[in-house]
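What follows is a set of notes on a single structure, which appears directly below.
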Amino acid sequence: MVLPFTRYIPLHNRLVRKASTLQRFFPRHFNPILQKNSTSSSSDGERLPWERSTQAILLEKLKTALRNHQMHEGWESFQDFRTLYGYPEVQLLNQLIVQLSYSSNYSWTRKAFDLVLQVVKEENNSSLVHVDTLTKLALSLARLQMSTSAAVILRLMLDKGCVPPMHLLCLVFLHLVKTEIGAYITCNYLSQVCDFYICLKDKKTQSADVVKPDASIFCLVLDACVRFNLPLKGLLLIELMALTGTVVDAHTVVIVSQILEMNGLRDEIRELKDHIDSVSAAFIRLYRQFYDSLLSLHFKFNDIDAAAKLVFDMNRSHNRHGNKESRKDLQKPCSITIGSRNLRAGLKIHIEYELLQNDSVVKPEDRQDLIFYRGKKLVLSNRALAKFITGYKKDGRISELSKLLLSVQDELYSVAGSSLCSDAIGACIHFGWLESAHDILDDAEATGSPMDWDTYMLLLSAYCRRRMHRVANALLKQMTRIHLDNELDDDTIDKHFHCVETSDSLGKSNLVVTLVQILKDEDQIFPLVYEFNSSIHFFCMARMMEDALKVYRRMVEMNIQPTIQTFAYLLRGYSSLGMYREITILWGEIKRFMKGCGFLANRDLYELLLINFLRGGYFELVMDVIGHMRDQNMYADKLMYKVEFLRLHKNLYKSLKASDARTEAQLKRLEHVQEFRKWVGIV
């Protein structure tokens with residue numbers, strides 16, 4: 001009996017139902033495993049007449065839906081077709097994936113991603129999805145901040161030996177680096193691309209240059225390392241720039257200097273200085289951040305002399321035009337060494353200091369801390385001036401402070417707008433360092449540039465408040481000698497004394513506020529740690545691990561707590577020599593400091609440990625590190641570890657059961673391997 005409403009059911013639905021019923025009787029014709037796609041279907045002679053019409057109807061409906069950008073109808077038609085006949089023709093399948101990707105809708109883009117994974121899982125259909133389709137999907141996923149999914153697609157392409165064109169990869173990265181996790185994934189993927197390029201280059205493959213990352217790609221990712229505080233990732237990328245022979249432009253030089261500062265590598269950043277000192281006036285503003293980073297490192301190393309010399313050099317170099325020979329040199333790529341120029345086989349970066357990429361999408365983050373750009377000049381901030389004051393004051397070298405202030409008086413000025421010497425004297429008076437204030441006053445007077453009347457009266461008032469009458473009288477005689485006593489009488493002194501106690505005077509300037517903060521928040525890290533870390537880094541780059549270990553032990557003996565960089569340099573040194581057993585011992589040291597000294601490891605350090613334990617086959621320690629990352633709710637790039645595991649241990653204990661284990665040690669290792677497989681999603 002035929003029900004009345006069936007005449008309203010669309011024709012294709014009736015045919016699909018009929019096909020589903022007959023599928024039980026004709027499994028050969030309808031089994032999607034036997035029919036991978038329409039191009040591999042049985043010959044026309046083997047089909048039933050009604051079967052061809054069903055296939056044609058569904059294909060036409062799918063094409064129409066895609067042509068009219070009707071996602072719902074297109075997806076339903078595709079599902080019906082795949083159920084009966086497998087995947088449609090390659091061009092139609094790729095068109096569907098692209099339209100799903102371009103929908104700007106999370107759920108449709110997710111369906112495109114899931115569909116690609118499903119297609120790829122079928123070995124015979126691994127080439128059905130085109131590379132340009134995967135590139136468009138990766139870009140869409142990145143736009144929607146689906147960072148992990150975008151990385152899966154990019155790595156899927158890399159497994160096929162393909163990398164998106166650099167201009168498109170730059171767009172993908174531009175979206176990914178907006179978040180910390182995206183930046184982290186991007187660093188790992190770029191490292192893999194560099195390794196792939198180096199491998200092709202070593203084989204002298206003609207297509208190697210096609211996958212070579214350019215300077216704009218590195219600039220984009222390095223900038224993300226600065227913004228999200230990923231110094232170790234940034235340092236690795238700098239080394240990869242050297243290995244790939246990438247020529248660095250001016251913007252990237254500035255970002256490289258920030259990465260080197262974050263890692264405390266003063267020798268490397270110093271090597272850049274001689275070239276940057278000679279750049280033309282048009283580039284001074286751009287390289288302000290470089291001088292800021294180098295000055296910051298000098299202060300961290302407690303090297304006040306180097307800091308002062310930098311200020312002198314900075315002032316002199318940009319107040320004269322470079323000669324023609326130096327200008328020609330700057331237009332050619334120069335090389336600097338990463339590690340130390342004393343290393344025979346160091347990594348060299350090629351730099352063009354006056355090159356600016358026209359298509360650069362990144363400008364270095366303009367962090368103004370120690371040096372400002374004002375009036376076409378580089379000027380010291382109040383923070384820089386405060387650090388000079390505290391540094392020279394601790395060493396009792398006020399005369400050298402005066403020399404610095406007076407030498408740059410005309411070119412470098414404080415933000416408050418008054419002279420450097422006046423600001424410094426006012427700050428010293430505020431903190432009760434009257435002798436130091438008087439010394440600066442005397443030094444200025446000795447050079448023929450005495451301070452103004454207000455500055456003398458500020459110091460005189462301080463002497464009066466402390467009832468230091470003898471010194472106050474000596475100061476009055478000084479004022480008389482330089483003819484500042486015209487308006488000086490008892491009533492004036494008394495009036496000025498009460499005024500300075502109730503008003504916002506020079507002694508309470510912005511410099512004073514900054515100096516208070518500097519004294520309160522002095523670096524918790526002992527300056528010597530930077531010296532030790534630099535030595536350890538040098539020895540590790542030279543693969544002189546015994547010497548590096550001696551420096552580390554000396555650190556511990558002096559009760560100087562290691563930093564993230566200390567352990568990272570040692571880890572990378574051991575890793576370069578394949579000394580994985582020594583890394584297990586170092587992990588014990590790290591945990592000891594974590595437990596007893598409040599040392600906090602970060603994600604970069606955990607990743608170094610995890611990847612090296614994976615390479616060494618220490619799966620118990622692999623899971624130990626993963627446990628620490630879980631406890632701190634840290635993101636882990638599981639796909640990267642999965643790829644590394646499959647590369648090194650693909651068949652490890654794959655068929656071994658717990659009952660087959662010969663020893664307890666083997667049983668435990670089997671359990672850890674199985675636990676890791678489950679964690680990264682290996683079936």
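Computed from a predicted structure; not experimentally measured.
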Result of checking Lys233, Lys348, Arg572 against Glu239 for salt bridge (charged side-chain N to carboxylate O under 4.0 Å, His left out):
Arg572
Is the shortest side-chain heavy-atom distance between Leu434 and Ile429 below 4.5 Å?
yes
Would you please test Glu354 and His275 for side chain to side chain contact (heavy atoms under 4.5 Å, CB included) and show each step?
CA-CA 10 Å; Glu354 293 195 356; His275 299 286; over 6 Å; no
Please find the pair of heavy atoms, one from Val221 and one from Cys187, that lie closest to each other, and give the distance.
CG1-SG, 3.6 Å
Determine yes or no for a side-chain-to-main-chain donor-acceptor pair under 3.5 angstrom, with Asp292 supplying the side chain and Leu370 the backbone.
yes
Whether Trp587 and Tyr606 hold their rings parallel, tilted or perpendicular, with breakpoints at 30° and 60°
perpendicular
Audit row: Ile304, Glu400, side chain to side chain contact (heavy atoms under 4.5 Å, CB included) steps and yes/no
CA-CA 10 Å; Ile304 200 73; Glu400 294 180 52; over 6 Å; no
Using only heavy-atom distances, determine whether the side chains of Tyr291 and Asp277 contain a donor-acceptor pair under 3.5 Å.
yes
If you count the non-hydrogen atoms of other residues, nucleotides and ligands that lie under 6.0 Å from NZ in Lys591, is the total more than 12?
yes
Flag if over 12 foreign heavy atoms under 6.0 Å of NZ, Lys403:
no
According to the interplanar angle, ranging from 0 to 90°, do the rings of Phe567 and Phe599 count as parallel (below 30°), tilted (30 to 60°) or perpendicular (above 60°)?
perpendicular
Does Leu476 reach the side chain of Tyr463, with side-chain heavy atoms less than 4.5 Å apart?
no
Does either side chain, that of Ser399 or that of Ser402, offer a donor lying less than 3.5 Å from an acceptor on the other one?
no
Donor-acceptor under 3.5 Å (Ser534 side chain, Tyr530 main chain):
yes
What's the spacing between Gln561 CD and Cys597 SG if we round to 0.5 Å?
5.0 Å
Considering all heavy atoms of both residues, which atom of Ala601 and which atom of Met634 are nearest to each other, and what is their separation?
O-CE, 3.8 Å
Hey, mind stepping through Cys421 and Leu406 against side chain to side chain contact (heavy atoms under 4.5 Å, CB included) and telling me if it holds?
CA-CA 7 Å; Cys421 287; Leu406 291 166; 3.6 Å; yes
Please confirm whether the backbone N or O of Ile269 pairs with a side-chain atom of Ser257, one donor and one acceptor, at under 3.5 Å?
no
Do Ile351 and Leu272 have side chains that approach each other closer than 4.5 Å (heavy atoms only, starting at C-beta)?
yes
Closest non-hydrogen atom pair between Leu222 and Gly234, with its separation
CD2-O, 3.5 Å
Between Val512 and Phe431, which heavy-atom pair has the shortest distance, and what is it?
O-CZ, 4.2 Å
With distance as the sole criterion, is a donor-acceptor pair present between the side chains of Tyr552 and Glu589 under 3.5 Å?
yes
Non-hydrogen side-chain atoms of Tyr569 and Leu235 separated by less than 4.5 Å:
yes
Distance, nearest 0.5 Å, that separates CZ of Arg270 from CG of Leu260:
13.0 Å
Any non-hydrogen side-chain atom of Lys387 less than 4.5 Å from a side-chain atom of Leu295?
no
Walk me through it: do Asn302 and Phe526 pass the test side chain to side chain contact (heavy atoms under 4.5 Å, CB included)?
CA-CA 9 Å; Asn302 198 27; Phe526 195 58; over 6 Å; no
Is there side-chain contact between Phe228 and Tyr184, with at least one heavy-atom pair below 4.5 Å?
no
Count the heavy atoms of every other residue, nucleotide or ligand shown that sit under 6.0 Å from CZ of Arg397, and state whether that count exceeds 12.
yes
Pairwise side-chain contact, Gln565 with Ile536, heavy-atom cut-off 4.5 Å (strictly under)
no
Roughly how far, to the nearest 0.5 Å, is CD of Glu180 from CG of Asn229?
8.5 Å
CG (Leu549) and CG (Leu570) are apart, to the nearest 0.5 Å, by 7.0 Å
When you compare the side chains of Asn382 and Thr514, does any donor N or O come within less than 3.5 Å of an acceptor on the partner?
no
Hey, are Asp249 and Thr252 close enough side-chain-wise for a donor-acceptor pair under 3.5 Å?
yes
Heavy-atom closest contact (Cys428 atom, Ile440 atom, distance):
SG-CD1, 4.3 Å
Plane angle bin for Phe299 and Phe388 - parallel if under 30°, tilted between 30 and 60°, otherwise perpendicular
perpendicular
Please find the pair of heavy atoms, one from Asp624 and one from His628, that lie closest to each other, and give the distance.
O-ND1, 3.0 Å
Distance-only polar pair, side chains of Asn533 and Thr563, donor-acceptor under 3.5 Å:
yes
Charged N-O contact under 4.0 Å between Arg227 and Asp223:
yes
Here the gap from Leu297 atom CG to Asp267 atom CG, rounded to the nearest 0.5 Å, amounts to 10.0 Å
To the nearest 0.5 Å, how far apart are CG in Asp439 and CD1 in Ile398?
6.5 Å
Heavy-atom side-chain contact between Asp547 and Phe538 under 4.5 Å:
no
